[in-house]
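Report on the following structure.
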Amino acid sequence: FPLCRRARQALPALRRPARAFMHGRDELVSRRSCNLLADCPAVTLTMLPDSMHHTLHPRDKAALCDAIRALGDEPSGSRA
């Protein structure tokens with residue numbers, strides 16, 4: 001996957017704050033990808049522990065919706 005390779009190479013240079021959500025029981029996205037995001041200072045990584053790649057557990061759905069709603073509460077220009 002050339003796009004994945006380019007994204008992994010560009011990630012360390014990311015300077016703008018970003019938010020990522022990873023499914024804790026994802027059967028397609030590797031732990032290596034998760035670790036790359038976790039190691040990037042610009043990325044706030046949230047794990048959705050009970051979800052799989054194509055299945056969002058109700059508890060995780062609530063947490064994801066809360067996080068998205070909270071983005072609207074942040075000061076302009078700031079993302080955590």
Side-chain angles (χ1 to χ4, degrees):
F1 298 122
L3 178 60
C4 293
R5 185 174 26 260
R6 287 197 316 263
R8 281 193 298 271
Q9 291 169 347
L11 191 59
L14 185 65
R15 298 292 177 252
R16 291 185 168 252
R19 182 83 185 253
F21 297 88
M22 298 289 291
H23 298 135
R25 298 172 44 211
D26 200 313
E27 64 277 20
L28 297 177
V29 178
S30 72
R31 283 286 173 193
R32 179 177 172 227
S33 296
C34 183
N35 292 339
L36 286 170
L37 288 170
D39 291 342
C40 182
V43 176
T44 299
L45 178 63
T46 300
M47 293 299 294
L48 303 171
D50 298 316
S51 294
M52 298 172 68
H53 191 82
H54 296 289
T55 307
L56 189 60
H57 191 281
R59 273 189 304 266
D60 292 341
K61 181 178 180 180
L64 180 61
C65 288
D66 289 346
I68 291 170
R69 271 190 224 98
L71 290 174
D73 297 335
E74 295 177 7
S76 179
S78 169
R79 287 180 41 195

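Nearest heavy-atom pair, D60 versus P49, reported as atom, atom and distance to 0.1 Å: OD1-CD, 3.3 Å. Between D26 and L28 the shortest heavy-atom distance is OD1-N, 2.7 Å.
Contact check for T55 versus H23: no side-chain heavy atoms found under the 4.5 Å cut-off. Contact of the C34 side chain with the L45 side chain is registered, since non-hydrogen atoms from C-beta on lie closer than 4.5 Å. Side-chain atoms of R19 and T46, non-hydrogen and from C-beta on, do get closer than 4.5 Å to each other.
In this structure, SG in C40 is found 8.0 Å from CZ in R15, a value given to the nearest 0.5 Å. The CG atom of N35 lies 8.5 Å from the CE atom of M22; values are rounded to the nearest 0.5 Å.
Under the side chain to side chain contact (heavy atoms under 4.5 Å, CB included) criterion, R25 pairs with M52, not counting sequence neighbours.
Evaluation of the salt bridge (Lys or Arg N to Asp or Glu O under 4.0 Å) test over residues 45-55, restricted to residues two or more places apart or in two chains, returns D50-R59.
Grouping Ile, Leu, Val, Met, Phe, Trp and Tyr by side-chain contacts under 4.5 Å, direct or through others, puts L48 with F21, L56, L64, I68.
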